[in-house]
Amino acid sequence: MPATIEVRGLVKRYGPVTAVDEIDFTVDQGEFFGFLGPNGAGKTTTINVLCTLTQPTTGSVRVAGYDVLRESHFVRQRIGIIFQDPSLDTQLTAWENLALHARVYGIPSTSWRPRAEELLRMVELWERRHSLVRTFSGGMKRRLEIVRSLLHAPEILFLDEPTLGLDPQTRGQIWAYLTELRRQTGVTLFLTTHYLEEAEQCDRIAIIDHGRIIALDAPERLKARVARDIILLSTEDNTRAVQELKELFGLGPMIVDGTVRIEVERGDELIPQLARQLTVPIHSVSLRRPSLDDVFLALTGRQIRDEEASDLDLMREQVRARH
Amino acid sequence: MATVEVAERLQPPSPVTRALIGIFTLWQRDLLRYWRDRTRIAGGLAQPLLFLMIFGAGLSPWMGTLGGAPVGPDYLQFLYPGIIGMSVLFSSIFSAVSVVWDREFGFLKELLVAPIPRWAIVVGKALGGSTTSMLQGLLLLLLAPFIGVRLQVGTILLLIPLLFLLAFSLSSIGLVIAARMRSTEGFGLVMNFLVTPLLFLSGALYPLNNLPTWLTVLTRIDPVTYGIDAIRRVVLSSAGVPQPVIDQLGVTLFGYPLNPLLDAAIVLALGLFLIVLAARQFARPD
């Protein structure tokens, strides 16, 4: 598969702040590529550069075969974008929003109307096409934005935190539509997210922190780098438990969020031994496969989750609630 | 579920076509939103009506006829064209605010990533705002019979381009300011320190002759002055006020009386300058 996004040595500075610091990556045609990282890691800045909204400070960026600086309108014609915040005209109807989009992308009505109908039916908004967008819920707006972003048959669809601020049920629904669309159209998906379960679905993920890509691989392979299994222990005295685990088993446990966390090769075999040999009373034991959060933790010593529902998110959700 | 076909790859049209499409689309959007927002139309009428019916009617008996002749207009007739200009002023600035709203509500992003040049967004926005503001001003012509101003068809045909030019120039001022503005709060502040002076200095409320020098200078800097002067000359002339009286109430520049054509030329020149400035501001990349 040929590459459809090529980023080399991309740097973006805002005054003294370096938002993106020398990143390189390529995305293949038809790939589902994810950018995972905490808020402020440089995800949105990168997506803005790829979408020709922001100019790179240095570096070369080619999207859909064109240079984002010199051939930006060719890039724009070939990409679809779903921004972090809704970008619909709420005073127009759903259909009028689509018509406006079709017009500025130069799509003849004979071609966009049937496509709009098909897509609207798919996301179950066909019946509401003549309603003002103002009356739509957050999930409905997102679905309409998906339809709009696909109207001009883009080669690449950029999704910047597409489900931020939506309830879990709506999030699941949005992903069901996106998966179906991807299956049918083969469109390349470029996702930024800090939701781990969304990143899990990607073909490949770049983990980004402080403007740098710290890991890039398939989710399974990233997780395999960490460990096979993770055991979480809740005990009477975690500090003593850590001590004993070190002495008796030669393990390197950590205390995270009030539980003892152990990374091992065969967790199922270790648990019975733990139960037998630890002198500290154990309240509970759980075994799980490593998640991407564990990968992030291993790479940075922090958790992505810590930064969920930051002030910015809360503010954004409040702003959304107003419209 | 039906299969979504990948439509054949669309080649972007030529740069000129893309710009024209963008301008037309944004213009049409503004008209659609204007038509849909009846409260805005009604609200835009309420303020001029209050000025005319209360402020004007209250002051009129004390002023007698203006222009030093018994055939001169009364204050209400003098004020009327000024209030039409005021309505265009408010409405034009309001339309420019909507760019900041588009930015805040995110719709601007949809436009910024569309394959249309950024300057086309600005021009489309200015033309849309000009058209709706012109309509808002034209609506006030319905009041003419109540003010005692007789309007001929020719007068109205003359007023349409004059109102449009004034609106275009004022929308461009608003866009220059809105171009680099990130929140609507800041906009309100600037507008209060801009719209009110523009109104008070414009000659909408009083004739701009025999003023102290400093005030004369300020009034001649205000672009609204020339727009309102043109409207007033056309309206008063249509109402049968003799030309010498009109000249006495009208604006002079360096001692010479202006005329609607000259007024229009000044407004147009300023509008063109400002729209270029606004487009450049807007096109500056992040």
Side-chain angles (χ1 to χ4, degrees), chain A residues 12 14 48 51-55 69 72-81 83-93 96-97 99-108 111-112 114-115 117-119 121-122 132 145 148-155 158 180-181 184-187 319 323, chain B residues 1-40 98-99 101-118 120-121 124 128 183-184 283-286:
Chain A
K12 177 65 189 177
Y14 293 101
N48 280 349
C51 299
T52 76
L53 264 180
T54 302
Q55 297 195 345
L69 268 182
S72 59
H73 63 272
F74 286 104
V75 174
R76 291 171 179 195
Q77 193 75 40
R78 285 165 175 74
I79 60 173
I81 307 149
F83 294 106
Q84 215 168 78
D85 299 305
S87 63
L88 296 159
D89 186 336
T90 52
Q91 303 208 43
L92 301 183
T93 65
E96 285 164 350
N97 267 286
L100 195 148
H101 182 90
R103 173 95 50 70
V104 294
Y105 280 81
I107 319 170
S111 130
W112 75 262
R115 188 171 166 83
E117 176 173 352
E118 223 166 359
L119 289 164
R121 285 191 191 283
M122 185 172 189
L132 290 180
E145 286 187 304
R148 187 179 66 176
S149 68
L150 292 169
L151 214 51
H152 55 288
E155 291 170 35
F158 289 95
E180 177 62 21
L181 281 164
Q184 289 186 15
T185 62
V187 64
V319 170
H323 311 298
Chain B
M1 206 178 292
T3 315
V4 179
E5 296 285 329
V6 178
E8 61 190 83
R9 186 64 44 224
L10 290 154
Q11 286 305 313
S14 79
V16 179
T17 317
R18 279 187 287 119
L20 290 177
I21 287 172
I23 292 170
F24 177 74
T25 310
L26 278 156
W27 175 79
Q28 197 193 31
R29 166 179 177 245
D30 260 15
L31 283 185
L32 195 61
R33 285 168 60 113
Y34 174 73
W35 176 243
R36 195 155 285 165
D37 197 355
R38 306 290 159 82
T39 51
R40 184 175 140 203
S98 66
V99 169
W101 281 352
D102 283 344
R103 197 193 294 282
E104 212 165 74
F105 294 172
F107 182 73
L108 194 64
K109 270 200 171 173
E110 150 82 354
L111 296 174
L112 291 178
V113 293
I116 49 172
R118 287 196 178 182
I121 300 174
S183 79
T184 41
R284 229 192 300 167
D286 292 326

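Lettering of chains follows the sequences in order, A, B, ..., and the numbering in each one begins at 1.
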With rounding to the nearest 0.5 Å, note down the distance linking [atom1] in [X] to [atom2] in [Y].
| X | Y | atom1 | atom2 | answer |
| --- | --- | --- | --- | --- |
| B:K109 | A:Q84 | NZ | CD | 7.0 Å |
| B:D37 | A:Q91 | CG | CD | 5.5 Å |
| A:T90 | B:W101 | OG1 | CH2 | 10.5 Å |

Discussion item. Heavy-atom cut-off 4.5 Å, strictly under: side chain, backbone, both or neither for B:L32 against chain A?
Written reply: side chain
I need the minimum non-hydrogen distance between [X] and [Y], along with the two atoms involved.
| X | Y | result |
| --- | --- | --- |
| B:G106 | A:S87 | O-CB, 3.1 Å |
| B:V113 | A:Y105 | O-OH, 3.5 Å |
| B:E110 | A:F83 | N-CE1, 4.1 Å |

Worksheet item: Is it true that a side-chain atom of A:R76 and a backbone atom of B:L112 form a donor plus acceptor pair closer than 3.5 Å?
Response: yes
Practice prompt. Decide, yes or no, whether a salt bridge links A:D89 with B:R33 under the criterion of side-chain N to carboxylate O below 4.0 Å.
Written response: yes
Between [X] and chain B, which part of the residue has a heavy atom less than 4.5 Å away: side chain, backbone, both or neither?
| X | value |
| --- | --- |
| A:E145 | neither |
| A:R121 | neither |
| A:L132 | side chain |
| A:L88 | backbone |

Worksheet item: Could you walk me through whether B:R36 and A:T93 pass the side chain to side chain contact (heavy atoms under 4.5 Å, CB included) check?
Response: CA-CA 11 Å; B:R36 195 155 285 165; A:T93 65; 4.2 Å; yes
Item to complete: Go through the steps for A:H73 and B:R18 under the test side chain to side chain contact (heavy atoms under 4.5 Å, CB included), then give the verdict.
Response: CA-CA 10 Å; A:H73 63 272; B:R18 279 187 287 119; 3.4 Å; yes
Worksheet item: If you count heavy-atom pairs under 4.5 Å between each of A:V187, A:L100, A:T52 and chain B, which one has the most?
Response: A:L100
